[in-house]
Amino acid sequence: MPQIIFLPHEEICPDGLVIEAKTGETICNVALENGIEIEHACEKSCACTTCHVYIREGMGSLNENTEDEDDMLDKAWGLEPDSRLSCQALVGDEDLVIEIPKYTINMVSENH
């Protein structure tokens, strides 16, 4: 079973976390099920960028981006070549190292 290593994030996951994940699950669902509160303003429907993450290792094992995901990523804060929407990225058969960006573009966040 692959592991997802979430790097420390000052607010969401201060100590980082290593989680075992099932192949085919979204990174967002794995995070949420394990207490990492990644924002997901569109309820994981690929209609916003609040669940944007950086895939620091293991990008090649993920499913391909869809055109809709690429269109949304163009609007994400801090876009990098290893950016993905965690609601669309399906865990493959390799371990992943994930970094959650410091900022997100969310005008309606209920937790702030």
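Since the structure is predicted, the reported quantities are computational estimates derived from the model, not experimental observations. Computed from heavy atoms alone, side chains included, the values below leave out hydrogens, waters and symmetry copies.
- Cluster membership check: Ile5 does not share its hydrophobic cluster with Val30, using side-chain heavy-atom separations under 4.5 Å among Ile, Leu, Val, Met, Phe, Trp and Tyr.
- Between atom CG of residue Asn34 and atom CG of residue Asn29 there is a gap of 10.5 Å, rounded to the nearest 0.5 Å.
- Rounding to the nearest 0.5 Å gives a distance of 14.0 Å between NE2 of His9 and CG of Leu17.
- Nearest heavy-atom pair, His52 versus Ser83, reported as atom, atom and distance to 0.1 Å: NE2-OG, 2.7 Å.
- Each salt bridge (charged side-chain N to carboxylate O under 4.0 Å, His left out) pair with one or both residues in residues 21-35, not counting sequence neighbours, would appear here, but there are none.
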Below 3.5 Å, can you tabulate the donor-acceptor pairs from side chains in residues 88-101 to any protein atom, sequence neighbours excluded?
unit_1 : atom_1 : unit_2 : atom_2 : d
Asp95  : OD1    : Gln3   : N      : 2.8
Glu99  : OE1    : Arg56  : NE     : 2.7
Glu99  : OE1    : Arg56  : NH2    : 2.9

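- Residues Thr23 and Pro2 meet the side-chain proximity criterion, which asks for heavy atoms closer than 4.5 Å.
- There is no path of hydrophobic side-chain contacts, each under 4.5 Å, that joins Met72 to Tyr54.
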- [ ] Apply the test side-chain contact (heavy atoms from CB on, under 4.5 Å) to residues Arg84 and Asn63: give CA-CA distance (whole Å), side-chain angles for both, the deciding distance (0.1 Å), then the verdict.
- [x] CA-CA 10 Å; Arg84 287 295 303 262; Asn63 59 312; 3.6 Å; yes
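- Atom-to-atom distance recorded for Ile38:CD1 and Leu32:CG is 6.5 Å, nearest 0.5 angstrom.
- Checking side-chain atoms of Ser86 against main-chain N and O of Cys51 turns up a donor-acceptor pair under 3.5 Å.
- In this structure, Leu73 CG and Leu85 CG are separated by 4.0 Å, a value rounded to the nearest 0.5 Å.
- Contacts classified as salt bridge (charged side-chain N to carboxylate O under 4.0 Å, His left out) and involving residues 41-55 (residues at least two apart or in different chains) are not found.
- Between the CD atom of Glu39 and the OG1 atom of Thr49 there is a distance of 9.5 Å, given to the nearest 0.5 Å.
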TODO: Report the C-alpha distance between Thr26 and Cys87 in whole Å, list the side-chain angles of each, state the deciding distance to 0.1 Å, and finish with yes or no for side-chain contact (heavy atoms from CB on, under 4.5 Å).
DONE: CA-CA 6 Å; Thr26 66; Cys87 72; 5.6 Å; no
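- Val53 and Ile55 get closest at one heavy-atom pair: CG2-CD1, 3.9 Å.
- Using a cut-off of 4.0 Å between Lys/Arg side-chain N and Asp/Glu carboxylate O, Glu10 and Lys102 are scored as not salt-bridged.
- Inter-residue side-chain proximity for Cys28 and His40 is flagged as met; some heavy-atom pair is nearer than 4.5 Å.
- Judged by distance alone, with hydrogens and angles left aside, the side-chain atoms of Tyr103 form no donor-acceptor pair with the main-chain N or O of Gly78 at under 3.5 Å.
- Although no hydrogens or angles enter the test, the distance criterion places a donor-acceptor pair under 3.5 Å between the side chain of Thr66 and the main chain of Glu69.
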